[in-house]
Amino acid sequence: MNKYFRIIIVLIFCFFSSICFSQDYLVTNENDTIYGKIEWKTNTTVYIENKDGKQRFRANEAKGFKRGDFKFSSVKTSIPEFLLEVKKGKISYYKESHLKSRFTLNYVRQVFLEYNDKIYPIDVDTNIKGSGFITNIFGDIQGAGQLEFYSSNFKWSFYQILGKEHTLYQLIKKNNYTFEDIELLVDLANISIENKSDFEKRIDTTLKSGYAQGYVIKKEKDTIFGSIKMNGRFVLSDKVNFISKSGTESSYDPKELIEFKINNRTYKNVQIKNKLKHLVEMIEGEISMYRDLKKGQSYLTKDFKEFIAVDKKEKYLELLKDKPEIYKRIIDNEYKYFEIKSIVKLYNNAPQQRTVVKNK
């Protein structure tokens with residue numbers, strides 16, 4: 001293959017990669033990919049519009065679609081519905097869409113694991129509160145098309161998927177992880193299936209029951225590695241009970257620390273408009289995203305000096321203008337502020353050069 005032919009191949013590949021990256025799309029049950037503007041109406045219905053017109057697809061008529069950086073898969077829970085694909089692998093993890101009605105009589109907020117064509121629904125509120133080991137000790141199987149449907153909670157789900165003797169399940173049982181670590185747990189479970197030696201490097205089987213791997217950064221900017229006591233869902237009133245690698249035990253008020261980490265959850269204390277805010281890291285990247293633990297307000301930052309609130313005023317859009325193609329895609333497709341995680345990841349993953357945006 002001569003040099004010029006290789007260059008042409010690379011250019012063609014880049015061209016089509018750019019097209020695929022720059023557009024939303026839907027995949028039909030026949031594996032046809034339709035590119036266009038996604039208009040999402042409910043958790044069960046989506047429209048896609050392009051030069052050929054506008055088409056409607058129900059969740060039983062499509063395998064899924066991509067809007068922004070997020071993919072949504074058609075999964076049959078009680079009915080076929082589009083679920084956010086958070087993690088995809090041997091074990092997959094899905095969340096309900098923001099368009100699912102919360103006003104039905106028996107609505108319970110759930111997330112879902114999928115393994116070997118079986119669905120494991122997990123009740124969110126029950127698991128956040130940490131009440132009980134199992135909601136259904138028998139793991140009742142319910143009809144769900146070709147998928148078997150196992151009623152369970154977070155610990156019971158990993159027990160069924162991994163088995164009683166699996167190292168990761170044993171750590172879950174010892175409360176070295178909570179429901180808030182579920183994305184990390186899915187990653188670790190998939191690694192344990194694919195690469196046992198890599199998995200063993202990522203865990204610590206010597207942790208005391210109820211403690212997680214972590215670190216604290218004090219105001220003197222000293223970073224101390226060790227383990228932090230788990231108190232279920234972390235709240236601001238909690239003390240950070242810490243054991244250093246050397247075995248020294250300490251207790252900190254969260255406000256005394258610049259930063260601390262529990263498993264893969266990072267918490268920071270940041271001054272925003274002369275007020276101390278307690279933030280949890282949602283996304284790390286060119287644009288990082290944080291959420292105020294007390295107010296529920298999200299912030300974006302590029303330099304950790306200015307934190308811009310995510311709200312209907314959309315001032316945060318200014319951060320995106322140095323990647324014009326991404327900015328145009330966000331505007332043209334009318335991505336909303338409640339899709340901010342998808343927007344930020346789309347920007348951070350964009351394979352394009354920035355342009356200098358001059359202040360007016």
Side-chain angles (χ1 to χ4, degrees), residues 24-29 38 40-46 57-102 104 106-128 135-136 139-162 168 172 177-194 264 282-283 338-342 345-346:
D24 294 339
Y25 61 83
L26 177 141
V27 179
T28 69
N29 285 340
I38 296 288
W40 196 8
K41 291 294 187 181
T42 70
N43 63 307
T44 61
T45 306
V46 68
F57 289 87
R58 296 190 182 277
N60 63 336
E61 298 171 328
K63 291 187 175 180
F65 64 91
K66 186 174 183 181
R67 176 175 165 86
D69 191 68
F70 280 179
K71 290 182 179 179
F72 295 84
S73 295
S74 176
V75 178
K76 189 167 184 181
T77 56
S78 56
I79 58 171
E81 62 178 311
F82 292 114
L83 299 178
L84 172 61
E85 183 184 295
V86 184
K87 298 286 181 181
K88 191 69 174 175
K90 293 283 187 179
I91 303 168
S92 295
Y93 173 47
Y94 303 98
K95 287 183 179 179
E96 290 178 336
S97 80
H98 61 281
L99 292 176
K100 184 165 185 177
S101 173
R102 269 64 170 165
T104 54
N106 297 316
Y107 173 73
V108 177
R109 187 160 60 111
Q110 292 182 316
V111 297
F112 302 87
L113 299 183
E114 181 181 358
Y115 178 64
N116 282 348
D117 291 336
K118 298 174 185 176
I119 293 291
Y120 300 82
I122 299 171
D123 295 350
V124 173
D125 292 337
T126 300
N127 283 275
I128 284 177
T135 51
N136 186 342
D140 286 348
I141 303 175
Q142 305 168 24
Q146 294 181 348
L147 298 175
E148 292 180 337
F149 198 80
Y150 283 67
S151 178
S152 56
N153 79 357
F154 125 80
K155 288 186 177 181
W156 184 238
S157 294
F158 282 97
Y159 172 86
Q160 292 177 88
I161 292 169
L162 300 175
L168 185 59
I172 294 170
Y177 298 94
T178 71
F179 173 73
E180 289 193 325
D181 299 310
I182 192 165
E183 289 187 39
L184 172 62
L185 288 169
V186 172
D187 281 339
L188 290 172
N190 281 322
I191 292 169
S192 75
I193 294 169
E194 296 164 6
N264 68 338
M282 308 299 292
I283 299 172
F338 50 77
E339 298 178 90
I340 190 61
K341 288 182 75 174
S342 177
K345 289 187 175 183
L346 185 69

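The structure presented is a predicted model; accordingly, all values stated were derived computationally and were not measured.
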Has the side chain of [X] got a donor or acceptor atom that lies under 3.5 Å from a matching backbone atom of [Y]?
X	Y	answer
N43	L83	no
D181	Y177	no
N153	W156	yes
S342	D69	yes
T126	D123	no

Do [X] and [Y] touch side chain to side chain, with heavy atoms closer than 4.5 Å?
X	Y	answer
V86	V186	no
K63	N29	yes
K95	F112	no

Can you name the closest pair of heavy atoms from [X] and [Y] and give their distance?
X	Y	result
K66	I38	O-CG1, 3.8 Å
A62	S74	O-CB, 3.1 Å
F154	T178	CZ-C, 3.6 Å
A59	F82	CA-CZ, 3.5 Å
A189	L162	CB-CD2, 4.1 Å
D24	G68	OD1-N, 3.1 Å

Between atom [atom1] of [X] and atom [atom2] of [Y], what is the distance when rounded to the nearest 0.5 Å?
X	Y	atom1	atom2	result
I119	L113	CD1	CG	8.5 Å
Y115	I91	OH	CD1	6.5 Å
K341	L84	NZ	CG	8.0 Å
S192	L168	OG	CG	6.5 Å
I191	D187	CD1	CG	6.0 Å
L26	E61	CG	CD	10.0 Å

State whether R67 and E339 are salt-bridged, where the test is any N-O pair (Lys NZ or Arg NE/NH1/NH2 against Asp/Glu carboxylate O) under 4.0 Å.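 Salt bridge between R67 and E339, a charged N being under 4.0 Å from a carboxylate O: yes.
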
Indicate yes or no: does D125 engage R109 in a salt bridge with an N to O separation below 4.0 Å.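 Looking at D125 and R109, the cut-off is met.
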
Go through F65 and W40 one step at a time and tell me if the ring-ring contact (aromatic ring centres under 6.0 Å, His included) criterion holds. CA-CA 10 Å; F65 64 91; W40 196 8; 5.2 Å; yes

Please identify each residue that fulfils ring pair (Phe, Tyr, Trp, His ring centres under 6.0 Å) with Y93, with sequence neighbours left out.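 Y93: no ring pair (Phe, Tyr, Trp, His ring centres under 6.0 Å) contacts found.
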
Other residues, nucleotides, ligands: >12 heavy atoms within 6.0 Å of K87 NZ: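 Counting neighbours around NZ of K87, more than 12 heavy atoms of other residues, nucleotides or ligands fall under 6.0 Å, so yes.
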
Please check if atom NZ in K71 has more than 12 non-hydrogen atoms from other residues, nucleotides or ligands closer than 6.0 Å.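 For K71, atom NZ is not crowded (no more than 12 foreign heavy atoms under 6.0 Å).
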
Checking E85 against Y94: is there a side-chain donor and acceptor pair closer than 3.5 Å?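 No donor-acceptor contact under 3.5 Å links the two side chains.
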
For residues E81 and T44, is any side-chain donor paired with an opposing acceptor at under 3.5 Å?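 No, no side-chain donor-acceptor contact under 3.5 Å.
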
